[in-house]
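Written below as structure tokens is the structure these notes are about.
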Amino acid sequence: MASNSTKSFLADAGYGEQELDANSALMELDKGLRSGKLGEQCEAVVRFPRLFQKYPFPILINSAFLKLADVFRVGNNFLRLCVLKVTQQSEKHLEKILNVDEFVKRIFSVIHSNDPVARAITLRHLTSARVIPERKNAHHSIRQSLDSHDNVEVEAAVFAAANFSAQSKDFAVGICNKISEMIQGLATPVDLKLKLIPILQHMHHDAILASSARQLLQQLVTSYPSTKMVIVSLHTFTLLAASSLVDTPKQIQLLLQYLKNDPRKAVKRLAIQDLKLLANKTPHTWSRENIQALCECALQTPYDSLKLGMLSVLSTLSGTIAIKHYFSIASGNVGSSPRSSDLVRLAQECCYHNNRGIAAHGVRVLTNITVSCQEKDLSALEQDAVFGLESLLVLCSQDDSPGAQATLKIALNCMVKLAKGRPHLSQSVVETLLTQLHSAQDAARILMCHCLAAIAMQLPVLGDGMLGDLMELYKVIGRSATDKQQELLVSLATVIFVASQKALSAEVKAVIKQQLESVSNGWTVYRIARQASRMGNHDMARELYQSLLTQVASEHFYFWLNSLKEFSHAEQCLTGLQEENYSSALSCIAESLKFYHKGIASLTAASTPLNPLSFQCEFVKLRIDLLQAFSQLICTCNSLKTSPPPAIATTIAMTLGNDLQRCGRISNQMKQSMEEFRSLASRYGDLYQASFDADSATLRNVELQQQSCLLISHAIEALILDPESASFQESGSTGAAHADSEYERRMMSVYNRVLEEVDSLNRKYTPVSYMHTACLCNAIISLLKVPLSFQRYFFQKLQSTSIKLALSPSPRNPAEPIAVQNNQQLALKVEGVVQHGSKPGLFRKIQSVCLNVSSTLQSKSGQDYKIPIDNMTNEMEQRVEPHNDYFSTQFLLNFAILGTHNITVESSVKDANGIVWKTGPRTTIFVKSLEDPYSQQIRLQQQQAQQPLQQQQQRNAYSRF
């Protein structure tokens with residue numbers, strides 16, 4: 001019997017299956033908690049975090065934690081330890097506990113146990129349960145446990161004191177004197193003092209508390225000169241200063257003093273570590289004297305390890321506002337140029353140091369100075385930076401050790417930054433990279449290819465002349481099928497695609513395909529095809545997707561690859577467009593649309609409930625509609641030739657008072673085209689707002705498509721419909737400041753050229769002439785000749801964010817309405833959980849959630865009453881900030897009209913920059929408004945009173961008759 005029950009519980013405990021709802025899953029775990037076997041109880045306890053992850057709403061969280069608190073109260077220490085681990089793993093759900101008093105009462109009862117281990121676990125548990133930072137009984141228990149004679153309990157009390165001090169100002173103020181006495185007391189062991197000192201870092205709640213903690217630490221540093229005490233005290237000092245922000249400059253001076261005067265290397269290393277922490281957190285508090293003192297220490301020290309640490313601090317500062325402050329004061333007060341400063345001298349000395357790390361930081365300092373001080377003539381420093389980077393590149397590219405690769409990454413990042421900040425240096429940087437590619441190790445080649453692609457995406461520095469070198473290298477690299485070789489094939493192919501901005505030549509395609517056939521696997525081919533689609537080399541991409549169709553095991557993957565092949569083929573059809581040849585343009589667009597329609601069918605078949613491909617489908621549908629709109633506009637322009645205005649068009653225009661009518665039917669068609677392009681621009685804007693998880697390049701791509709639609713609509717308005725009042729501001733070159741890709745550069749040049757042509761025509765000729773229609777057609781062809789770029793988000797989702805809503809009250813059956821009386825208001829509670837993927841907040845984070853609640857009347861019941869218009873609809877909006885990915889708010893809704901109402905709750909999010917994103921979801925429930933009993937009774941009484949009167953009137957009418 002026991003074995004059957006065990007089997008039953010273990011079989012049913014797989015609550016993660018789809019068929020179990022939250023209550024069933026909790027009941028299954030409750031079975032395990034009430035089991036008589038310790039193993040089953042422990043197994044049930046450790047399953048709770050998964051339950052919280054799947055059903056993260058307060059009603060379940062509350063019940064589950066109360067059950068765990070019961071187990072903690074009556075179980076043994078091992079079970080308590082398991083419950084503690086669960087609580088620590090589920091810290092962000094603790095604020096959803098509704099019965100906090102009951103939860104704390106059950107946990108806190110163990111603090112009175114005679115077992116010091118049980119008391120220690122309880123203290124740690126109370127610390128993890130961050131819902132009670134101000135409970136005085138918990139504060140008292142911590143103070144008592146600090147005086148315990150059991151080491152385990154004292155350690156738990158120290159841990160609890162540190163955590164409570166960080167959250168509670170009252171506790172920090174009350175415990176500060178106690179901690180001070182224990183640290184200064186002779187009876188306190190040294191190892192306990194070392195554990196107590198870090199508590200002082202949390203005494204930053206007000207200036208007086210921070211000042212007293214700082215005075216105590218100052219006494220400790222001078223009174224206890226042993227290495228361990230100085231290290232712990234100094235580090236606590238630094239953390240306190242970083243949190244309180246008031247004493248940061250004093251702390252920097254103190255650390256520099258220890259770095260300069262203390263002979264112990266451990267103390268010097270700690271000082272460097274803390275200086276780097278302050279350089280990262282508060283670079284604006286560093287004065288010129290601080291940086292100068294650090295430079296002098298670095299110049300004087302004979303130890304490479306210390307010099308490396310100091311240079312890392314200086315390289316961190318060189319990328320911040322501190323470096324500009326340093327040189328502005330230097331040139332203003334002292335009259336010295338950046339070339340002669342100690343910082344530059346140190347960096348120049350270290351550029352060619354035999355230690356790679358020191359050389360890397362020296363080069364980074366020089367690069368940051370060169371890029372930051374744009375207003376100064378730093379040609380000599382530029383050359384120093386370039387030469388230092390070249391030597392570091394040669395040194396590290398021959399070594400495939402992890403340290404060399406890390407140093408190489410620093411050098412390559414500096415190269416990208418230097419090429420972006422000083423564009424005239426980019427050519428020499430690129431030539432150095434291409435030269436070194438031939439002799440470098442495979443791991444270094446991959447990183448160098450990434451650097452080349454990053455520079456070439458920003459600046460068109462990779463010409464066709466360099467393509468030969470790249471192809472020669474591509475022929476020789478792929479000798480084996482190792483992972484490094486596969487990665488190198490992808491990286492070098494990307495550089496080749498960037499270098500050949502136009503269509504790839506047949507020789508280049510043959511070389512790439514030959515290499516891929518010999519050594520590559522399917523995943524490598526797919527990655528290269530993906531890069532080809534991203535760079536606009538659609539003919540190459542189509543061939544690669546075609547070769548992969550028979551190598552996938554899932555039909556969803558097959559349809560996905562088939563759709564990509566069709567899209568590439570469709571875009572390849574547009575490469576044959578030629579200006580002034582409008583009939584071939586129509587045939588090219590029609591051919592492209594044919595393949596796009598095939599592709600969208602395959603893309604729909606590739607979608608699954610878990611991966612609906614919503615962005616991809618919408619992007620392609622918009623592209624199809626845009627091509628159809630382009631085709632329709634070209635046909636409309638051609639209709640000026642096939643169906644010119646009638647002879648009486650001028651008379652009709654004068655009669656109607658509409659000057660446009662003299663152009664004939666083309667004016668109405670142009671108006672429809674303009675509205676269609678504006679509608680497409682609006683849809684692109686909606687797609688942009690719905691793509692919260694997209695990377696910036698993908699969003700910029702969508703924005704460029706939207707600008708193309710606005711450009712054509714404004715051109716139509718300016719040339720034909722309303723030349724007088726057309727404004728070019730909206731379709732102006734908004735992104736012309738700095739283009740981040742070749743695709744964007746080409747699109748922006750097309751925009752500018754089209755706007756210039758439209759502007760010149762608008763001034764010279766009155767509409768509508770063949771020159772106006774030719775200008776529109778040429779604008780369309782120019783836009784389509786730029787190959788479309790399929791950006792990363794089309795293939796890969798690096799950030800995943802979704803919102804899950806729960807409404808209460810909610811019906812048992814979604815189709816059933818919730819009953820509410822018409823003289824009462826419905827309190828609708830909306831709870832939500834923000835769910836993330838593996839990289840939360842990679843591109844943007846949620847600042848607040850906007851909840852919009854609206855209701856519409858579906859069907860009426862009963863008589864019509866005269867009701868104020870305010871009571872007929874509900875339209876409300878609230879903004880809430882999620883805390884630990886959870887938010888909750890309430891709405892009061894009025895349903896005065898009898899009948900069935902449809903309530904819609906829609907959520908959108910606002911990021912840290914204040915941009916609103918329409919992420920969804922959209923939830924709907926039904927409410928049935930019923931007449932309240934009192935009103936119903938009065939109405940019935942009135943009806944009954946009116947019936948005898950009506951019968952009397954009828955009798956009088958019959959008698960008269």
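What's counted below: heavy atoms across the whole structure, side chains too, no hydrogens, waters or symmetry copies.
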[X] versus [Y], closest heavy-atom pair with distance:
X: Ser592; Y: Ala570; answer: OG-O, 2.9 Å
X: Ser908; Y: Lys918; answer: CB-CA, 4.1 Å
X: Thr494; Y: Met535; answer: CG2-CE, 4.0 Å
X: Gly522; Y: Leu548; answer: O-CD2, 3.5 Å
X: Tyr688; Y: Trp917; answer: O-CZ3, 3.2 Å
X: Ala456; Y: Arg745; answer: O-NH2, 3.7 Å

Taking the ring centre of each residue, are Phe557 and Trp560 less than 6.0 Å apart?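 Ring centres of Trp560 and Phe557 not closer than 6.0 Å.
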Would you list the atom pairs, donor with acceptor, under 3.5 Å between side chains in residues 610-621 and any protein atom, with sequence neighbours excluded?
unit_1, atom_1, unit_2, atom_2, d
Gln616, NE2, Phe794, O, 2.9

Lys/Arg-Asp/Glu bridge criterion (N-O < 4.0 Å) met for [X], [Y]:
X: Glu756; Y: Arg753; answer: no
X: Arg922; Y: Glu906; answer: yes
X: Arg678; Y: Glu675; answer: no
X: Lys509; Y: Asp539; answer: yes

- Item | Counterpart residues, side-chain contact (heavy atoms from CB on, under 4.5 Å), relative to Ala493 (two or more places apart) |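 Ala493 satisfies side-chain contact (heavy atoms from CB on, under 4.5 Å) with Tyr474, Phe497, Ile528 only.
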Note to self: Taking side-chain contact (heavy atoms from CB on, under 4.5 Å) as the definition, give me every residue that meets it alongside Ser547, ordered by chain and number, with sequence neighbours left out.
What the structure shows: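 Result, side-chain contact (heavy atoms from CB on, under 4.5 Å) vs Ser547: Val525.
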Original post:
With Tyr596, which of His569, Glu571, Glu591, Gln628 fulfils side-chain hydrogen bond (donor to acceptor under 3.5 Å, both in side chains)?
Top reply: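 Of His569, Glu571, Glu591, Gln628, side-chain hydrogen bond (donor to acceptor under 3.5 Å, both in side chains) with Tyr596 is met by Glu571 alone.
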* Side chains of Asn852 and Glu875: does their closest heavy-atom pair fall under 4.5 Å? ->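 Counting from C-beta outward, Asn852 and Glu875 do come under 4.5 Å.
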Apply salt bridge (Lys or Arg N to Asp or Glu O under 4.0 Å) to the pair Arg683 and Asp625, showing each step before the final yes or no. CA-CA 11 Å; Arg683 287 172 60 194; Asp625 292 346; 2.7 Å; yes
Approximate separation, where rounding is to 0.5 Å, of Leu626 CG and Leu593 CG: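 CG of Leu593 is found 10.0 Å from CG of Leu626.
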Inset, instruction - Mind running ring pair (Phe, Tyr, Trp, His ring centres under 6.0 Å) on Phe790 and Tyr743 for me, showing each step along the way? - result: CA-CA 11 Å; Phe790 290 95; Tyr743 175 72; 9.9 Å; no
